Novice: 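Could you have a look at this structure, given as structure tokens, before my questions?
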Amino acid sequence: MYVAVKGGARAIENAHRWLADARRGDRDLPDLDVAQIREQLALAVDRVMAEGSLYDPDLAALALKQARGDAIEAVFLIRTFRTTLPRFGASLPIRTDAMQITRRISATYKDVPGGQVLGPTFDYTHRLLDFTLSDAKPVPAAAEAAAPAGPVPHILSHLGAEGLIQPEPAEPADVPDLTRAPLAVPAARPLRLQALTRGDEGFLLSLAYSTQRGYGRNHAFVGELRIGYVRVAAYLPKLGFEIEFADILVTECESVNQFQGSRTQPAQFTRGYGLVFGQSERQAISMALVDRALRARELGEETGTASAQDEEFVLSHCDNIQSSGFLEHIKLPHYVDFQAELELIRKPRRDAYAGQEAAE
Amino acid sequence: MSDYNFAYLDEATKRMLRRAILKAVAIPGYQVPFSRREMPMPYGWGTGGVQVTAACLVPEDTLKVIDQGADDTTNAVSIRKFFARVAGIATTEATAEATIIQTRHRIPETPLTEGQILVFQVPIPEPLRFLEPRETETRTMHALEDYGLIQVRLYEDTARHGEIARAYAYPVRVEGRYIMDPSPIPKFDNPKLHNAPALQLFGAGRECRIYALPPFTRVESLDFEDYPFTASKAAGQTCAICGAEDSYLDEVIIDDAGGRMFVCSDTDYCATRCAAQAEDAA
């Protein structure tokens with residue numbers, strides 16, 4: 001009789017075994033290799049690294065395999081692993097102007113010093129299914145050109161030299177860490193950027209899109225989008241010098257937005273900034289637009305009903321591990337509360353019917 | 001044991017949590033922000049409670065975990081197994097034997113005693129959230145003790161429904177100061193919060209908040225003189241298994257014809273009563 005709440009432990013074990021079985025799929029087909037995922041589903045791996053907030057392509061590929069390709073589930077696996085890692089310290093700021101560029105475009109200038117590099121992009125491909133991909137056939141290697149010698153300066157620095165774009169404030173000595181202190185609003189821009197770079201791609205995309213459609217409108221140009229490897233270094237106080245320890249792939253976007261000027265400031269361009277692990281340009285551009293939208297108050301722009309300009313709204317809802325967890329928790333039993341609601345709704349109905357009968 | 005530190009979290013994180021808990025105990029009913037960690041279960045599934053429990057656990061502890069009052073609901077099983085694995089502590093289903101009880105949506109029927117810790121899983125710690133979605137606003141309201149909004153809402157309930165239309169997560173006032181969300185326990189359980197000998201801790205992981213009721217704290221459910229608070233449950237029913245009249249009951253649908261029975265939501269309470277009855281009969 002009381003089976004409804006009994007047998008939970010066995011049900012969980014069986015469900016886990018079934019899941020493992022379903023994950024493997026048809027045993028006549030070869031097991032998917034983690035290295036294959038890393039190499040051939042690289043953009044899925046990049047998304048998991050970006051939103052998982054951990055740069056490790058092998059672990060991200062493993063997480064995707066374990067999660068049966070569910071990106072948010074894979075991000076979750078990476079986040080919970082990440083949180084157990086010891087934190088030795090912070091790296092020095094990466095130098096994106098010294099990036100080894102694989103892709104670099106500007107929508108604001110036809111040509112720029114260092115050149116435009118399309119790189120491995122879906123842009124300008126025709127979205128026609130390539131049925132030949134169903135069969136394994138050799139793919140010829142792409143031609144290689146010599147890398148540009150020396151740093152490739154940011155395109156917006158040319159605007160900066162003319163004073164046409166607002167300079168960014170010097171970096172604060174002590175950068176706050178989103179993962180070590182509870183988020184308090186209003187949040188400093190570094191904290192906002194930390195939240196956005198690990199925020200859900202779909203959520204940021206929709207918010208950025210909403211600013212383009214007039215909700216907090218501020219027209220953005222892609223001043224520069226660049227993708228490539230940067231070197232990560234840390235200063236070790238005990239040794240007294242810097243060591244370089246990694247090359248990581250990042251996507252950076254700087255948007256150029258108008259600013260009408262105010263009583264105290266002449267009209268000037270302003271910048272939205274996006275920086276994301278891996279090749280994740282949809283996320284980087286979205287991040288730049290949302291970053292700029294969140295600066296509305298700071299810049300004294302009119303704010304009102306646009307969600308993208310509402311810091312508390314954006315920061316409280318951009319994390320897909322929080323949102324998916326809370327959304328899905330309504331699958332858990334709620335029968336105690338529902339029982340209380342049943343009583344709450346039955347009593348007035350009983351009273352109402354009693355009243356009706358008395359009247360008749 | 002496992003490759004993880006005792007009770008999963010590293011010691012630095014536990015220290016951070018303990019500081020938050022101590023502050024919460026020092027200011028009963030006040031929501032203390034803490035820097036939550038990602039836990040190996042999803043947000044909304046008890047990560048706040050799990051972190052509070054992890055911070056409180058010592059190797060000698062005996063842990064009980066309930067969800068909806070029952071030890072055998074899936075998520076309670078999952079959390080109990082988690083701690084058995086990462087802390088290697090003893091577990092129990094008996095309320096009286098447990099030193100720490102983690103709960104979702106219920107307070108056990110068996111009265112708690114001094115030295116016990118009851119850890120609540122909290123989804124939305126802010127009792128004013130459904131009146132005011134902004135944290136910046138609600139924080140100010142708490143600071144200024146500006147609780148007019150919630151009083152008006154409860155008054156509107158009485159005007160519209162003839163009673164305060166809150167069945168669970170019924171707001172309470174702690175030591176005459178902070179208004180607090182007791183987590184989604186049915187209002188039947190609210191009186192157990194008052195003057196309880198056990199330490200009651202509340203953890204909200206996703207929302208980064210910990211709050212507490214130290215032992216023997218005055219906890220009053222919000223009401224009006226002419227509309228006093230009543231702790232309600234299924235009207236006129238007793239448990240179909242143990243016959244209890246004083247426990248909170250779940251309604252179980254037993255056939256397609258709409259037949260139903262009522263049973264204790266607290267499985268340990270029900271089983272203990274059944275065992276005592278069997279002993280008496282023997």
Side-chain angles (χ1 to χ4, degrees), chain A residues 1-12 15 53 76-84 86-87 177-186 310 312-313 316 319 321-348 350-351, chain B residues 4 8-10 33-45 47 67-70 72-78 81 104-106 123 133-136 161-163 165-169 184-188 206 208-209 232-235 240-241 248-252 254 261 263 265 267:
Chain A
M1 248 331 155
Y2 204 21
V3 288
V5 292
K6 286 286 170 195
R10 217 177 67 215
I12 290 177
S53 231
F76 188 14
L77 290 167
I78 291 299
R79 286 273 190 92
T80 52
F81 176 73
R82 177 194 194 280
T83 201
T84 64
R87 191 167 176 278
D177 184 343
L178 181 69
T179 66
R180 296 289 136 167
L183 181 70
V185 283
D310 184 334
E312 189 166 343
F313 179 84
S316 308
D319 189 286
I321 302 309
Q322 287 167 43
S323 54
S324 65
F326 197 58
L327 180 98
E328 296 189 26
H329 106 280
I330 59 176
K331 293 183 289 191
L332 290 175
H334 280 78
Y335 32 77
V336 161
D337 294 348
F338 187 67
Q339 181 62 40
E341 291 273 79
L342 276 177
E343 287 310 310
L344 198 65
I345 201 163
R346 275 180 184 145
K347 189 173 165 294
R350 265 197 305 266
D351 296 349
Chain B
Y4 291 100
Y8 181 74
L9 296 171
D10 61 280
F34 77 104
S35 173
R36 53 99 206 281
R37 301 287 185 259
E38 276 95 354
M39 300 301 284
M41 55 280 290
Y43 287 119
W45 297 53
T47 57
D67 183 349
Q68 314 294 300
D72 203 18
T73 34
T74 42
N75 205 42
V77 170
S78 166
K81 275 177 111 174
R104 175 169 173 265
H105 294 192
R106 276 310 312 275
R134 276 170 205 288
E135 179 68 12
T136 37
H161 306 290
E163 63 179 323
R166 288 265 194 149
Y168 59 92
I185 54 173
K187 67 176 179 177
F188 174 84
R206 199 174 36 76
C208 309
R209 295 292 184 274
S232 64
K233 60 167 194 145
I241 297 174
Y248 190 77
L249 300 173
D250 282 339
E251 183 170 333
V252 185
I254 50 177
M261 65 189 285
V263 293
S265 127
T267 47

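A quick note: this is a predicted structure, and the numbers were derived from the prediction, not measured. Each chain gets a letter, A, B and so on, in the order its sequence line appears, and its residues count up from 1.
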Novice: Please state whether the side chain, the backbone, both or neither of A/Arg82 comes within less than 4.5 Å of a heavy atom of chain B.
Specialist: neither

Novice: Going from CD on B/Glu251 to OH on A/Tyr335, what distance comes out if it is rounded to the nearest 0.5 angstrom?
Specialist: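 The CD atom of B/Glu251 sits 13.5 Å away from the OH atom of A/Tyr335.
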
Novice: So do the side chains of A/Leu183 and B/Cys208 get within less than 4.5 Å of each other, counting heavy atoms only?
Specialist: no

Novice: For chain A, which of B/Arg104, B/Glu135, B/Arg166, B/His161 has the most heavy-atom pairs under 4.5 Å?
Specialist: B/Arg104

Novice: Got a second to check how far A/Lys331's NZ is from B/Thr74's OG1, nearest 0.5 Å?
Specialist: 10.5 Å

Novice: Side-chain contact, heavy-atom cut-off 4.5 Å: A/Val336 with B/Asp250?
Specialist: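 When only atoms from C-beta onward are counted, B/Asp250 and A/Val336 do touch, with a gap below 4.5 Å.
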
Novice: Contact part of B/Leu249 toward chain A, heavy-atom cut-off under 4.5 Å: side chain, backbone, both or neither?
Specialist: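 Just the backbone, heavy atoms under 4.5 Å.
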
Novice: Could you tell me if the side chain of A/Gln322 sits less than 4.5 Å from the side chain of B/Thr47, heavy atoms only?
Specialist: no

Novice: Looking at every non-hydrogen atom in both residues, tell me the closest pair between A/Gly325 and B/Pro42 and how far apart they are.
Specialist: CA-CB, 3.9 Å

Novice: In sequence, state the C-alpha distance, the side-chain angles, and the governing distance for B/Arg134 and A/Asp310, and then conclude on salt bridge (charged side-chain N to carboxylate O under 4.0 Å, His left out).
Specialist: CA-CA 11 Å; B/Arg134 276 170 205 288; A/Asp310 184 334; 2.5 Å; yes

Novice: So what's closer than 4.5 Å to chain B heavy atoms on A/Glu312: side chain, backbone, both or neither?
Specialist: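 For A/Glu312, side-chain heavy atoms alone lie under 4.5 Å from chain B.
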
Novice: Under a 4.5 Å cutoff for heavy-atom pairs, which residue among A/Ala181, A/Pro333, A/Pro348 has the most contacts with chain B?
Specialist: A/Pro333

Novice: Side-chain contact test, heavy atoms from C-beta onward, threshold under 4.5 Å: evaluate it for B/Tyr8 versus A/Thr83 and give yes or no.
Specialist: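 Yes, at least one pair of side-chain atoms sits under 4.5 Å.
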
Novice: With a 4.5 angstrom heavy-atom cut-off, could you sort out which part of B/Ser232 is near chain A: side chain, backbone, both or neither?
Specialist: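 Neither part.
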
Novice: Let's go through B/Asn75 and A/His329 carefully: what are the C-alpha distance in whole Å and the side-chain angles of both, what is the deciding distance for side-chain contact (heavy atoms from CB on, under 4.5 Å) to 0.1 Å, and is it a yes or a no?
Specialist: CA-CA 10 Å; B/Asn75 205 42; A/His329 106 280; over 6 Å; no

Novice: If we only count heavy atoms from C-beta on, is the A/Glu328 to B/Trp45 side-chain gap below 4.5 Å?
Specialist: yes

Novice: Considering all heavy atoms of both residues, which atom of A/Phe326 and which atom of B/Gly44 are nearest to each other, and what is their separation?
Specialist: CD1-CA, 3.9 Å

Novice: Taking all non-hydrogen atoms of both residues, which atom of A/His334 and which atom of B/Gln68 are closest, and how far apart?
Specialist: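 The pair with the smallest heavy-atom distance is C-OE1, 3.3 Å.
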
Novice: Does the side chain of B/Tyr168 reach to within under 4.5 Å of the side chain of A/Gln339, using non-hydrogen atoms?
Specialist: no

Novice: Looking only at heavy atoms and a cut-off of under 4.5 Å, which of B/Ala165, B/Gly162, B/Pro133, B/Gly69 has the most pairs with chain A?
Specialist: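 So the answer, after comparing B/Ala165, B/Gly162, B/Pro133, B/Gly69, is B/Ala165.
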
Novice: Using a cut-off of under 4.5 Å on heavy-atom pairs, state which of B/Lys187, B/Arg206, B/Lys233, B/Lys81 scores highest against chain A.
Specialist: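 Counting heavy-atom pairs under 4.5 Å, the top option is B/Arg206.
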
Novice: So which part of A/Leu342 gets closer than 4.5 Å to some heavy atom of chain B, the side chain, the backbone, both or neither?
Specialist: side chain

Novice: Using modelled atom types and a 3.5 Å cut-off, is there a donor and acceptor pairing between side-chain atoms of B/Tyr248 and backbone atoms of A/Ala340?
Specialist: yes

Novice: For the side chain of A/Thr80 and the backbone of B/Pro40, is there at least one donor-acceptor N/O pair under 3.5 Å apart?
Specialist: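 Not confirmed, A/Thr80 side chain does not pair with B/Pro40 backbone.
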
Novice: Nearest 0.5 Å please: distance from the OG1 atom of A/Thr179 over to the CD atom of B/Glu38.
Specialist: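 Interatomic distance, A/Thr179 OG1 to B/Glu38 CD, rounded to 0.5 Å: 8.0 Å.
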
Novice: Relative to chain B, which segment of A/Glu343 carries a heavy atom at a distance below 4.5 Å: side chain, backbone, both, or neither?
Specialist: side chain

